[in-house]
Amino acid sequence: MKKIMFTLLAALFAVNVGFAQQKTIVETAVSAGSFNTLVTAVKAAGLVDTLSGGGPFTVFAPTDDAFAKVDGATLTSLLQPENKQQLASVLTYHVVAGRVNAAAAYGLDSAKTVNGQKVGLDFRGDGLTVGNAKIVTTDIQCSNGVIHVIDAVLLPSLDSIPATAKAAGQFNTLLAAVNAAGLAEVLSGPGPFTVFAPTDEAFGKLPEGTIDSLLKPENKQKLIDILKYHVVSGRVYDTDAVKAENASTLLGSSINFSVDADGLKINDAQVVAKNLETTNGVIHVIDSVLLPKAPVSMSSHKVMDYLNQTVMKGAPVYNAGHHGQCCEIYMDCMKSIMAAGITNADDYTMSIVDKTITEASKTHSQTDRAWVLRRGIDSLYERMASMPNTIR
């Protein structure tokens, strides 16, 4: 037994020494001599420390010959200091989190990059490919990851959701609505968001005069609500949607996902084009406008019962260590109350709900977020209980 243990320890030590002797991804690229442009770009983007860190990362590394295929003006522009963010976006599109050897990638048809966007994979044929590039060398092991050498530079989408929609040319009504609702800046922000985008033809199916009415200033809130009903937080690809079956929109109410003979459906709308990548999210094109059901305000007694039930459901989940799941339970409660409203509630009471949701959304720690939500739930309950004449 001692001999066996000694042999195992010796083998483990040998593996650790082997990794210790390996160079980092950046050091390997520098020493190879065929990735000079890539190294220059990594330095210009400020990614040297990241790709020299613990990782691990999988890097699809374009050679100097690959970069030579890129339009010279485009490459020069990307290397300018003012375009540092765009350059970082391009480079991180070549990086996947984790150590993914060729054998582990077999059978996968895509991978999520550090950029956030997905890149297509094909490791099954004679010519292994990633995106539009051929993989010419696989599995160069580094101390903090693995490199696969490719013969072309991968270019992600560099346009935001509104810019992508504008370039498509079939979302003029949607963009007009987004601008009228004052949501263009939000949908151009970091996100990420998933937008279910009705085409101009989809808007044309609405009853005559509906669009003109919605675009009037006095109907701005109604327009905002309709547009928010088309947006989900995060990047939700078609496969994610099918697995999830439903999702909470920015409005707070849910949409349902299903599949029929024609493909993916969002409520009753058919997805006619899916997974359109943007810098800050994903667009799915739909053939009908999604219309949320008119919210029915909740009575104060119903809200207080709802708050009690939520705490009874969420507290044991939190105590069991599932803080993220607890956050979801509490957040769903507050968003549902915000979407429906409370009968006869004053502005201050509703502001408790709004501020709780906003603060929780900005809190990254799941533990802290759960407590932000719990304090908001308790404050709302106490507020309502103390104002029987106004609310109850």
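Both backbone and side-chain heavy atoms feed into the values below; hydrogens, waters and symmetry mates do not. Residue numbers run from 1 in the order of the sequence given.
To the nearest 0.5 angstrom, Leu47 atom CG is 9.5 Å from Phe57 atom CZ. Distance CZ/Arg383 to CG/Leu380: 10.0 Å, rounded to 0.5 Å. Taking CG of Asp268 as the start and CG of Asn256 as the end, the distance is 9.5 Å to the nearest 0.5 Å. The OG1 atom of Thr63 lies 8.5 Å from the CD1 atom of Ile150; values are rounded to the nearest 0.5 Å. Between atom CG of residue Leu307 and atom CZ of residue Arg374 there is a gap of 10.5 Å, rounded to the nearest 0.5 Å. With rounding to the nearest 0.5 angstrom, the OG1 atom of Thr367 is 4.5 Å from the NE2 atom of His323.
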Give the C-alpha distance, both sets of side-chain angles, the deciding distance and a yes or no for side chain to side chain donor-acceptor pair (under 3.5 Å) between Asp225 and Gln221. CA-CA 6 Å; Asp225 290 346; Gln221 188 57 54; 3.0 Å; yes

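Scanning all heavy atoms of the two residues, the minimum distance from Leu79 to Ala44 falls at CD2-CB, 4.2 Å. Taking both residues in full, the closest heavy atoms of Leu215 and Ala180 are given as CD2-CB, 3.8 Å, listed atom of the first, atom of the second, then distance. Across Gly314 and Cys326, no two heavy atoms sit closer than the pair O-SG, 3.5 Å.
Heavy atoms of other residues, nucleotides or ligands lying less than 6.0 angstrom from CD of Glu218 number more than 12.
Among pairs with a residue in residues 66-81, those fulfilling side-chain hydrogen bond (donor to acceptor under 3.5 Å, both in side chains) read Asp71-Thr74, Ser77-Asn83, at least two apart in sequence or across chains. Pairs passing the side-chain hydrogen bond (donor to acceptor under 3.5 Å, both in side chains) check and including a residue from residues 270-291, sequence neighbours excluded, read Arg235-Glu277, Tyr237-Glu277, Asp238-Lys274, Asp238-Asn275, Asp260-Gln270, Thr278-Asn280. Within the structure, side-chain hydrogen bond (donor to acceptor under 3.5 Å, both in side chains) contacts touching residues 311-321 (residues at least two apart or in different chains) are Tyr318-Trp371.
With contacts defined as side-chain heavy-atom distances shorter than 4.5 Å, the pair Tyr229/Leu291 does not qualify. Contact of the Gln141 side chain with the Asn101 side chain is registered, since non-hydrogen atoms from C-beta on lie closer than 4.5 Å. The closest side-chain heavy-atom distance from Leu121 to Thr129 is not below 4.5 Å. Within the 4.5 Å cutoff, side-chain heavy atoms of Leu373 are placed close to those of Met331. Residues Ile337 and Tyr306 form a side-chain contact, since some pair of their non-hydrogen atoms from C-beta on lies under 4.5 Å apart. Taking the side chain as every heavy atom from C-beta outward, Asn219 and Lys216 approach each other to under 4.5 Å. Contact of the Val90 side chain with the Leu158 side chain is registered, since non-hydrogen atoms from C-beta on lie closer than 4.5 Å. Under the 4.5 Å side-chain criterion, counting only non-hydrogen atoms from C-beta, Val195 is not in contact with Phe171.
Checking Ser254 against Asn246 by side-chain atom types alone, no donor-acceptor pair falls below 3.5 Å. No side-chain N or O of Gln22 forms a donor-acceptor pair with one of Asn144 less than 3.5 Å apart. Looking at Tyr106 and Asp122, their side chains never bring a donor and an acceptor atom within 3.5 Å of each other. No side-chain donor from either of Asp354 and Ser351 sits under 3.5 Å from a side-chain acceptor of the other.
Thr249 places a side-chain N or O within donor-acceptor distance of the main-chain N or O of Leu251, the cut-off being under 3.5 Å.
By the 4.0 Å N-to-carboxylate-O rule, Asp109 lies too far from Lys118 to be salt-bridged with it.
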